[in-house]
Q: 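Supplied in structure tokens, the structure appears directly below.
Along the sequence shown, the residues carry numbers beginning at 1. Atoms within each ligand, like the ligands themselves, are counted from 1 in listed order.
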Amino acid sequence: MPEHTIAPVIRRDVPALSSRAAAPEWGSDVVAEMLRRLEVPYVALMPGASFRGLHDSIVNFLGNEGPAMILCNHEEVAVAVAHGYAKMTGRAMAAAVHSNVGLMHATMTIFCAWCDRQPVLVLGGTGPMDASARRPWIDWIHTADDQGELVRDFTKWENQPASVAAIPEAILRAWQIAHVEPRGPVYVCLDVALQEEKLAGPVALPDLSRASAPTAPAPDPDAVRAAVEMLVAAERPVLLLGHTSATRHAWDDLIALAELLGAAVATDRSGPTSFPTDHPLHQGMWRSQSHDGAAEAIRDADVILAIQKLDVAGALRGREGHPPRLVNVTLEPYAVRSWAEDHQALPHADIWLTSNADLALAALRAGVERALGAPARRRAEDRAKALASLSNERRAKWTAMNDARRESRPILLARALTELRAALGERAADTILAQGPLGPWPTTAWEFTRPRAFLGHDGGAAVGSGPGIAVGAALGARGSGRPVVAVVGDGELLAAPTALWTAAHHGIPVLFVVANNQTYYNDEEHQDQVARARGRPSENRWIGQRMDTPAVDFAGLARDLGAEGIGPIEDPAGLAAAFRQAVAAIDEGRPSLVDVRIVPR
Ligand SMILES: Cc1ncc(C[n+]2csc(CCOP(=O)(O)OP(=O)(O)O)c2C)c(N)n1
Ligand SMILES: [Mg+2]
């Protein structure tokens, strides 16, 4: 364990309780009891009367523990916190959102969790469905006859139990479905009247020891044999990695498989770190400085093994006329809905391995180990040497590019990240990047060398999801000793700054770097493109985009929300001290933010 450890305690507000009921007395106590039995650790929430019964049960029946509340100031943040927690831990926590208006606020981040295939248990309220029991006006506004309809197209399941007796199964089913691959968000809507119903007697709760999780789908052995044959015979094999599981054994299997085959590896910034980016076989990562390396590997490949890559067809664009042979390990066909086109273009695979990625990997690794004869091993070694020298050359080029702009003002993101790593010292390699910037990631300034070194993007490409996801990831990383960092745009942070208050309130240590270019730069680029295409003045691209008058005081905003606020840092010479201060704050269990004035790209 390094000498610094991240404060493991999340602050919880402790209720004053003279005594606590031993068994559920009210409808919502049953919900709370189920959450406890399922070991749901937290409920992120923005309060609302449509779940005041549940709120009371968590505080006065459970004692605000197992699960404990994480108080948020916007439902979008509450769901994003749960999303980030799932990205970090692989497990769902709950988010409670107010009847219809709260759910409306939450829709964007529910969509993000859906696109990112992450489990979140969203709880909501409605009603009373019995109109004769409604308070005038407010209960009518906040009752929807079919509230789940709002999120049906981007949840795996939603349900509104019609009796207290039906609640336990609804919660259990939702929990199970959320965790079965492809994972995703689920929604359970709880009628106010049921929550506030006084129980006449005990409610039967399921025996959870008999509610084991369904096993993961294993690959078809014949398909594995065919895939192994294809991989071993390949001249220029490529591993194309996406949303892999980031478990230690998947990580080890991937490295072993790549080395056995002498395969080029291309990774994706959408998913979590699946492969060490400083490995000599790693040729590039999409949406990073090394993007071209990944694209070149794909261009030259004769056989591609794609693993849980969500947009295989997109990655293979340009190869339509002379497609490589493709083994596609995926469960994506089970995640297809008809509302959003997040299923991406349809890839044409020679072997479609419908399987859990870890099981397929283990089988492929074992198969390749057995099948690889001496001549094939020699070919693989030669390939590996050639790939290593290619990646070395590219690395030297990127490092030189970054070094040449070291003193740039506004500051180069690569320089800022190098300084941040220096401030993290020996913990840099263990640091978790919970969210990255919109612009390309400066590969050589910050390599991802451990599982979950980067957690992948937000799924829905939705401005405002990042801050909550980062706070949720830090909540999930609690006690791991791994520092959590998020690099977010100024536009991104401004859309959901209150995530900082949640982190400050609960003592969740997360270090935000605001990559502040004082504009919605991504969209400036779009306006530039349109103007050029139309022969109009591109110098007007900044209008309706730039945010420099007045300049936002991000450090002041962070301080007002209870976090350590530092900056703006305009001179690269000021970065080291700023990051030391920010790291010291997270070491004390407090969130911090450093506002860095960066050059747009
Ligand atoms: C909810 C939502 N609104 C708008 C957009 C469109 N959009 C994409 S990137 C972007 C700019 C974000 O600005 P910032 O976070 O500062 O990053 P920068 O492009 O400046 O690096 C916008 C507005 C979006 N993706 N999501
Ligand atoms: Mg910006």
Q: Would you check if there is a donor-acceptor pair between the side chains of R546 and Y521 at a distance under 3.5 Å?
A: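 No, because no side-chain N or O of Y521 sits under 3.5 Å from a partner of the opposite role on R546.
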Q: Just checking: N522, one of its N/O/S atoms, less than 2.8 Å away from the Mg ion (ligand 2), yes or no?
A: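 Within the cut-off used here (under 2.8 Å), N522 places no N, O or S atom near the Mg ion (ligand 2).
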Q: Below a 4.0 angstrom heavy-atom separation, can you tell me which part of L493, side chain or backbone, both or neither, approaches ligand 1?
A: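 Neither part.
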Q: Can you confirm whether more than 12 heavy atoms, excluding those of H105, are under 6.0 Å from its NE2 atom?
A: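 Incorrect, the count does not exceed 12.
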Q: Give the atom numbers and elements of ligand 1 that come within less than 4.0 Å of a heavy atom of T519.
A: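 This gives 16 (O), 20 (O) as the contact atoms.
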Q: At what distance is the nearest protein heavy atom to atom 2 (C) of ligand 1, and which residue and atom is it?
A: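 For atom 2 (C) of ligand 1, the nearest protein heavy atom comes out as V463 N, 3.6 Å.
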Q: How far is atom 16 (O) of ligand 1 from its nearest protein heavy atom, and which residue and atom name does that atom have?
A: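 Result for atom 16 (O) of ligand 1: D490 OD1, 2.6 Å.
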Q: Can you confirm whether the side chains of Y334 and E181 place a donor and an acceptor under 3.5 Å from each other?
A: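 Result is no, nothing qualifies.
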Q: Tell me, with the steps shown, if E419 and R415 meet salt bridge (Lys or Arg N to Asp or Glu O under 4.0 Å).
A: CA-CA 6 Å; E419 301 280 359; R415 168 74 189 268; 2.8 Å; yes
Q: Please list the nearest protein heavy atom to atom 13 (O) of ligand 1 with its residue and the distance rounded to 0.1 Å.
A: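 It is Y520 CD2, 3.4 Å.
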Q: What do we get for D523 next to ligand 1 when only non-hydrogen atoms under 4.0 Å count, side chain, backbone, both or neither?
A: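 Within the 4.0 Å criterion, D523 contacts ligand 1 through side-chain atoms alone.
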Q: To the nearest 0.5 Å, what is the distance between NE2 (H282) and CZ (R394)?
A: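 Here the interatomic distance stands at 10.0 Å.
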Q: Give the residue, atom name and distance (to 0.1 Å) of the protein heavy atom nearest atom 19 (O) of ligand 1.
A: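 That would be N522 N, 2.8 Å.
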Q: Would you confirm whether the ring centroid of F454 sits within less than 6.0 angstrom of the ring centroid of W446?
A: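 They do not qualify: ring centres at least 6.0 Å apart.
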Q: So is G464 close enough to ligand 1, meaning a heavy atom under 4.0 angstrom away?
A: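 Contact check G464 vs ligand 1: negative.
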Q: Which bit of L438 gets closer than 4.0 Å to ligand 1, counting heavy atoms only: side chain, backbone, both or neither?
A: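 It is the side chain that gets close, since no backbone atom is under 4.0 Å.
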Q: May I ask you to check whether Y521 has an N/O atom sitting below 3.5 Å from an N/O atom of ligand 1?
A: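 Yes, Y521 has an N/O under 3.5 Å of an N/O on ligand 1.
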Q: So is R601 close enough to ligand 1, meaning a heavy atom under 4.0 angstrom away?
A: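 Distance cut 4.0 Å: R601 passes for ligand 1.
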Q: In Å, rounded to the nearest 0.5 Å, how long is the span from SG of C112 to CD1 of I469?
A: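 C112 atom SG to I469 atom CD1 measures 6.0 Å (nearest 0.5 Å).
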Q: Indicate the atoms forming the closest heavy-atom contact of G565 with A558, along with that distance.
A: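 G565 and A558 have their closest heavy atoms at CA-CB, 3.9 Å.
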Q: A461 heavy atoms, cut-off 4.0 Å: which ligand 1 atoms fall inside?
A: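 Under 4.0 Å from A461, ligand 1 has these atoms: 24 (C), 25 (N), 26 (N).
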Q: Look up atom CG in N402 and atom CG in L413, then write down how far apart they are to the nearest 0.5 Å.
A: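 Here the interatomic distance stands at 9.5 Å.
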Q: Can you list the atoms of ligand 1 that are under 4.0 Å from a heavy atom of N517?
A: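 Close to N517: 18 (P), 20 (O), 21 (O).
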Q: Can you find an N/O atom of G491 closer than 3.5 Å to an N/O atom of ligand 1?
A: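 Yes, there is a polar N/O contact under 3.5 Å.
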Q: Has M108 got any heavy atom lying under 4.0 angstrom from an atom of ligand 1?
A: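 Right, M108 reaches ligand 1.
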Q: Using the Mg ion (ligand 2) as the vertex, how large is the angle between OD1 of D490 and OD1 of N517, rounded to 10 degrees?
A: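 For OD1 of D490 and OD1 of N517, the angle centred on the Mg ion (ligand 2) reads 90°.
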Q: Scan side-chain atoms only and decide if T277 and E447 contain a donor-acceptor pair under the 3.5 Å cut-off.
A: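 T277 vs E447: donor-acceptor pair found between side chains.
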Q: For atom 15 (O) of ligand 1, what is the closest protein heavy atom, and at what distance to 0.1 Å?
A: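 Nearest neighbour among protein heavy atoms for atom 15 (O) of ligand 1, to 0.1 Å: E492 N, 2.9 Å.
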Q: The Mg ion (ligand 2) to E492: any N/O/S contact under 2.8 Å?
A: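 It does not: E492 brings no N, O or S atom closer than 2.8 Å to the Mg ion (ligand 2).
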Q: Tell me, do L593 and I566 make a side-chain contact under 4.5 Å, heavy atoms counted?
A: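 No, too far: nothing below the 4.5 Å cut-off.
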Q: For H98 and S50, test the side chains for any donor-to-acceptor distance below 3.5 angstrom and give the result as yes or no.
A: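 On atom types as modelled, these side chains qualify, holding a pair under 3.5 Å.
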